[in-house]
Structure formats: C-alpha cells, structure tokens
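What you are looking at is a predicted structure, and each value in this text was computed from that prediction instead of being measured. Numbered from 1 within each chain, the chains take letters A, B, ... in sequence-line order.
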Number of protein chains: 2
Amino acid sequence: MNIGAASTASGVSAKMIRHYEAIGLLRPAARRDNAYRDYADGDVHELRFVRRARKLGFSIDEIAGLLALWRDEERPSRDVRRIAQVHLADLETRIAEMQAMAATLRTLVHACHGDDRPHCPILDDLAAEPPRVARPS
Amino acid sequence: MNIGAASTASGVSAKMIRHYEAIGLLRPAARRDNAYRDYADGDVHELRFVRRARKLGFSIDEIAGLLALWRDEERPSRDVRRIAQVHLADLETRIAEMQAMAATLRTLVHACHGDDRPHCPILDDLAAEPPRVARPS
DNA sequence: TCTTGACCTTCCAATGATGGGAAGGTGTAG
DNA sequence: CTACACCTTCCCATCATTGGAAGGTCAAGA
C-alpha cells in the first residue's frame, strides 16, 4: 500500500505520516524497490490510533507513550490511565483559563453599545491600570 | 526609561517588547544616543494594553486592530465590539471542542481500572475502528 | 514510443507566541 | 580598573501542521 492509500485509509495526511516517521513517532516504513513507502494493514491501524489520540488532544510525546503501551500486551493499565489522567487535568486547566477569558469578554461585549459612538467599555478595560495587588514586601 | 524598566512597569518581557516592535505591532521605540530604546509613560500604557489583550486571548492581529481603534478617539464602538465578538465566538468554539475531548477522556479514565492488569478501555477506544459513517456516494 | 497526469521522494520554510542564548557594546558603582 | 548589570542584534527552539520546490516513478492513452 502506497502512502497515499494509507493516508486515505487512516485519515492521516501523507505529509503527517512522513513527519511522524521523521520525528520517530512511527517506525520507518518498509520500502519498495522504487523507494516508495509500503504500508500493511497493521500500519494503517497504528496510524488510526495516532489520529484518534490526536483528536483527543494528546501530544506527540504522550502518543509515543500510548503507542508503546498499546504494542506491549503485558502493560499494566495503570500506565495508560496515568497518561490519560495527566492529559485530562491539563485539558481541564486550559478549559478553565479559556472560560475565564470568555466570561470576561462576554461581560465586556455586553457592556459595549456597539454603535457609532466612540465610548467603549472594552477598550476602557484593556487600557485600565492593573489592580495594585497587595504585595507584602 | 530603558526597556528593562518598561518591562517591569508593563509586565511585558523585554524580549516580547522587542518582538512586538519587530513584527510591527508597536511603533519603533525612540532611541537614545547609545541606541538604547527609550520609553515614555504612554508607551508603557500601550504595553499594558497589549498585555491585557493577550491575557484575554486576543491574537496579535486582533490586538493590532484594537490598538489602532484605541488610538483613534473617533472610532465607533461597533468596530471594537465586532473584534471582541469574533474572538469570543472563537474562544467558545475551542472551549466546546476541548470539553468534548475532556468528556470522552473522563469516561475512558473512569472505565479503566488502572491496575496491574493489561486490559484497558482507553487503548481499546484509541484502537477502535472508526465508525463507518454513511457516506452516500 | 511518447506524453500526460497522478503519484512518490527529499528538503526547506512558514505559521504564532514566546523563550534561550551567544557575542558584543554601554553605564555605573566600588 | 574592574565588576556587574544592562542593552544591542542575531540565530535557534518550541509544537503540530502545511505548503511548495525540484525531481523520480508508474500507468494509461494516442
């Protein structure tokens, strides 16, 4: 199977398949006489694994770990769970940060008339002096 | 005021101040005889504006627009509001995507025993065949 | 047989926001 | 005079992905 077919079958772009190989996430593909990469069904399965993990937001490093565990029939599920938990906590932190941003923005957008007049609470907020937090020497 | 003082006063790192100047977000700073950048209070105010906007997740391009509007005493607040609204919608989309990831992950982490045994629903999910979506030719 | 077009190869570069660090000039206090 | 803190520019790295150039390969049709 050429890289194009593997790409179609897995949903991972050919560009990314080569990239994943280059950075060592995937083992070097078999080559035909013409130097074309040659993929088997198992490889496509791995590519789909990677794609699904990316869709869940795992980093390449994390996926490398997950792939290694997946290949190891004896892995303790604890190891897999730990990776997933760390990533989940990470996601939750970032979601909370973005929700804080969104909440502030919603308030500001709501407060802004959004008409011809120049007065704008959004700019007022952006330009505001930062609150002088009490910082005991 | 040297760049270090402006950095301390604004909360924007000296590195980033130079960067913002290099990419054209900020006007080239005044220079002293020794070629050191020289900042006035107004510049620090602008830097704080940029910092606050970054904290709300605005992109550099969006901040460029906001800065221009801020400088223009005659701007219609509508223009500001539109930028903020687009960004807010963007944030909400990304939050929803991440929440979908997190929800899936929570389910999987919950389903995984996380012990010595190799069986792991997390890997099972990642390795699952993608649902064959009906795709009427 | 020749051409066309769809594939494949490698290599280089860009994205966006930020940081690290090198190599060298400047300012000030001891 | 010497430290040391500051400043300058320049290059490189991150992370995941995409775009493109320059060139090789293969199959089908005239």
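- For the helix from C:dT1-D:dA30 to C:dG30-D:dC1, the end axes, each set by the C1' atoms of five terminal pairs, are bent relative to each other by 30° (nearest 10°).
- At a threshold of 4.5 Å between non-hydrogen side-chain atoms, the residues A:Ile60 and A:Arg54 count as touching.
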Hey, what are the protein-to-nucleotides 28-30 of chain C N/O distances that come in under 3.5 Å?
none

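- Interatomic distance, A:Tyr20 OH to A:Leu26 CG, rounded to the nearest 0.5 Å: 8.0 Å.
- Between A:Arg37 and A:Glu21 a salt bridge is recorded (basic side-chain N to carboxylate O distance below 4.0 Å).
- In the hydrophobic clustering of this structure, A:Tyr36 does not group with A:Ile17; members are Ile, Leu, Val, Met, Phe, Trp, Tyr whose side-chain heavy atoms approach within less than 4.5 Å, directly or through other members.
- B:Arg31 and B:Asp38 are not joined by a salt bridge, as no carboxylate oxygen comes within less than 4.0 angstrom of a charged side-chain nitrogen.
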Annotated protein contacts, base or backbone, on nucleotides 8-19 of chain C with a non-hydrogen cut-off under 4.0 Å, one of B, S, - each | SBB------SBS
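- In this structure, A:Arg18 contributes its side chain and A:Ser13 its backbone to no donor-acceptor pair below 3.5 Å.
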Ignoring hydrogens and angles, write down the donor-acceptor pairs under 3.5 Å from the side chains of residues 105-113 of chain A, residues two or more places apart or on other chains.
unit_1	atom_1	unit_2	atom_2	d
A:Arg106	NH1	B:Glu92	OE2	2.4
A:Thr107	OG1	A:Ala103	O	3.1

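- Here the CD1 atom belonging to A:Ile3 is positioned 10.0 Å from the NZ atom belonging to A:Lys15, to the nearest 0.5 angstrom.
- The interatomic distance linking A:Ile17 (CD1) with D:dT18 (P) rounds to 12 Å, in whole Å.
- Considering only residues two or more places apart in sequence or on other chains, B:Asp124 meets the salt bridge (Lys or Arg N to Asp or Glu O under 4.0 Å) condition with none of them.
- Applying the salt bridge (Lys or Arg N to Asp or Glu O under 4.0 Å) test to pairs two or more places apart or on separate chains, those with a residue in residues 66-89 of chain A are A:Glu46-A:Arg71, A:Arg78-B:Asp116, A:Asp79-A:Arg82.
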